[in-house]
Amino acid sequence: MAGGEVELIELVKRFDDVVAVDDITLRIAPGEFFSLLGPSGCGKTTTLRLIAGFEQPTSGRILLDGRDMVETPPNRRNVNTVFQNYALFPFMTVAENVAFGLRYKDVSRAEVKARVAEALALVRLEGKQDRRPSQLSGGQQQRVALARALVLNPSVLLLDEPLGALDAKLRKALQIELKALQERVGITFVYVTHDQEEALTMSDRLAVMADGRIQQIGTPRDVYEEPATVWVADFLGTSNVIEGRVETGTSVRVGDFVLAVPAIPSGISGDVLKLVIRPERVGLVEHGTTGDNLVPGMIERVVYQGPTTRIMVHLACGQDVQALLPSLDAGAELRQGTPVCVELPSSALRVLPAGPRGFRDRAGVPAPA
Ligand SMILES: Nc1ncnc2c1ncn2[C@@H]1O[C@H](COP(=O)(O)OP(=O)(O)OP(=O)(O)O)[C@@H](O)[C@H]1O
Ligand SMILES: [Mg+2]
């Protein structure tokens, strides 16, 4: 499948006094699995509806394969949408549901049959074509909805929380299936979800959104390992956020302790900043150990979570951090009230500005480090 490039340029959508999409610029490459990730109400669905043509932008442009789409009605855009409530026709068979979109196209009966069979094979529903939706499981119904969209050979498929109605286990299985399917067909997927694990699992790249704006764009590894703001770090899983002050170009003072950090970015204004570190990067060593980036503290809580154990430590500098250890490494000596030294390795510390939510200004997305 050729094509499938999506470009949004300074896209804005206002509903009365709500700015649902606030100046979004991004480019999605042909064949890319791209996710829009963000909390409820941040403008994900609105962005998707703008791409599909169900909404008109207040300002800005939408290009599909380089062509401006603003004047093009939804049915003339080579784009198809799969919604969360996949709304199959209950009185039609699976095959009839899948064939529905071809009804208004100039396609012979033989071709309809062949394309329906092909789409059902893609979603692994061969043999189920004569059933009614009520005779299928939730996951199978979701796959019918996908087949119904794929049968039209769109170059871009828009998916709005398509797995939202499914239970956690089925969701996980379908995440892997959907990603494999996308790789096989090579169609561009624009995938909306508020589930960070889902976005990290499936995407080639993702945009993290809040309040109608893009906070960061990157690969799952980029945004997880190198969050651009405290807010992104926090949204993408638990993070420790430690307040500090600039000491030198490569060190930060936290209370009585000085921590070595990777270079302090030039964007930090003033001398107050935040250090962000993932719990899985925090080490625990014996109390009294000396060396770089060690801060003494006291274990406040130990939470066993099956494969991992979460250990909350109150540091001598007054702040709290969490460490996440494989349960096999979290021995019985780690219990509430035990003094320890917390190791905050320099390479794992991310230095970020200390804004209220750590948002960057409108200048946009900084180049990756
Ligand atoms: N037709 C509309 N009229 C007025 N306001 C709207 C309309 N559609 C969306 N909004 C508002 O725009 C903002 C973004 O909504 P949107 O549906 O895009 O969010 P979302 O990120 O998809 O959220 P969710 O995860 O809950 O689906 C919200 O504040 C919402 O109330
Ligand atoms: Mg939505």
Side-chain angles (χ1 to χ4, degrees), residues 6-26 28 33-62 64 69-70 73-74 77 79-87 138 141-142 145-146 149 156-168 171-172 174-175 178 188-203 205-218 220 223 227-229 231-237 357-360 362 364-365:
V6 180
E7 262 182 289
L8 309 181
I9 302 166
E10 295 171 5
L11 194 62
V12 175
K13 178 65 181 179
R14 225 174 260 127
F15 296 106
D16 304 320
D17 53 348
V18 179
V19 188
V21 174
D22 189 3
D23 194 11
I24 284 188
T25 296
L26 60 83
I28 303 171
F33 195 124
F34 191 94
S35 296
L36 301 173
L37 170 69
S40 185
C42 74
K44 307 179 295 293
T45 295
T46 306
T47 306
L48 222 54
R49 290 175 57 81
L50 287 164
I51 300 173
F54 302 133
E55 300 282 357
Q56 284 300 309
T58 305
S59 62
R61 298 169 67 204
I62 298 168
L64 292 178
M69 285 291 128
V70 170
R77 301 185 185 191
V79 164
N80 222 316
T81 311
V82 179
F83 297 101
Q84 172 173 355
N85 51 350
Y86 21 89
Q141 291 180 37
Q142 182 59 73
L146 266 174
V156 179
L157 196 59
L158 308 175
L159 303 103
D160 194 352
E161 311 246 6
L163 309 182
L166 306 174
D167 71 60
R171 220 181 144 111
K172 285 224 156 69
L174 276 184
Q175 283 170 11
L178 201 53
T188 307
F189 273 32
V190 185
Y191 191 94
V192 160
T193 180
H194 63 266
D195 177 333
Q196 29 94 9
E197 197 187 320
E198 187 159 296
L200 293 177
T201 305
M202 301 174 81
S203 317
R205 286 187 310 147
L206 58 147
V208 184
M209 291 178 68
D211 299 339
R213 315 242 291 257
I214 292 177
Q215 302 302 313
Q216 188 169 6
I217 297 179
V223 294
T229 66
W231 189 86
V232 170
D234 211 47
F235 188 70
L236 289 173
R357 289 173 86 184
F359 277 8
R360 270 149 313 129
R362 191 170 277 274
V365 182

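We count ligands from 1, going down the list as the structure has it; atoms in each ligand are counted the same way. The first residue of the sequence shown is numbered 1, and numbering continues consecutively from there. Because the structure is a prediction, the values reported are computed rather than measured.
The Mg ion (ligand 2) has an N, O or S atom of T45 closer than 2.8 Å.
When V18, V192, T46 are ranked by how near their heavy atoms come to atom 18 (O) of ligand 1, first place goes to T46.
Taking a distance limit of 4.0 Å, we find that atom 9 (C) of ligand 1 is approached by some protein heavy atom. Using a 4.0 Å threshold on non-hydrogen atoms, atom 12 (O) of ligand 1 counts as touching the protein.
Looking only at heavy atoms of the protein, atom 26 (O) of ligand 1 is closest to S40 OG, 2.5 Å. Regarding atom 25 (O) of ligand 1, its nearest protein heavy-atom neighbour is K44 NZ, 2.8 Å. Protein heavy atom at the shortest distance from atom 23 (O) of ligand 1 is G41 N, 2.7 Å.
Here the side chain of K44 pairs a donor or acceptor atom with the backbone of P39 at under 3.5 angstrom. Under the 3.5 Å distance criterion, the side-chain polar atoms of T25 are matched with a main-chain donor or acceptor of E10. With hydrogens and angles ignored, the 3.5 Å screen pairs no side-chain donor or acceptor of S35 with any backbone N or O of L37. At distances below 3.5 Å, at least one donor-acceptor pair connects side-chain atoms of T58 with backbone N or O atoms of R14.
Rounded to the nearest 0.5 Å, atoms CG (D195) and CD (Q175) are 6.5 Å apart. Taking CD of E198 as the start and CG of L206 as the end, the distance is 12.0 Å to the nearest 0.5 Å. Atom CG of L174 is separated from atom CG of L146 by 8.0 Å, given to the nearest 0.5 angstrom. Here CD1 of I24 is found 9.5 Å from OG1 of T46. Values are rounded to the nearest 0.5 Å.
Here is the list of ligand 1 atoms found below 4.0 Å of a heavy atom in C42: 19 (O), 21 (O).
Between F15 and ligand 1, no pair of N/O atoms sits closer than 3.5 Å. Checked by distance only, ligand 1 and G43 come closer than 3.5 Å through their nitrogen or oxygen atoms. Polar contact check, T45 against ligand 1: a nitrogen or oxygen pair lies under 3.5 Å apart.
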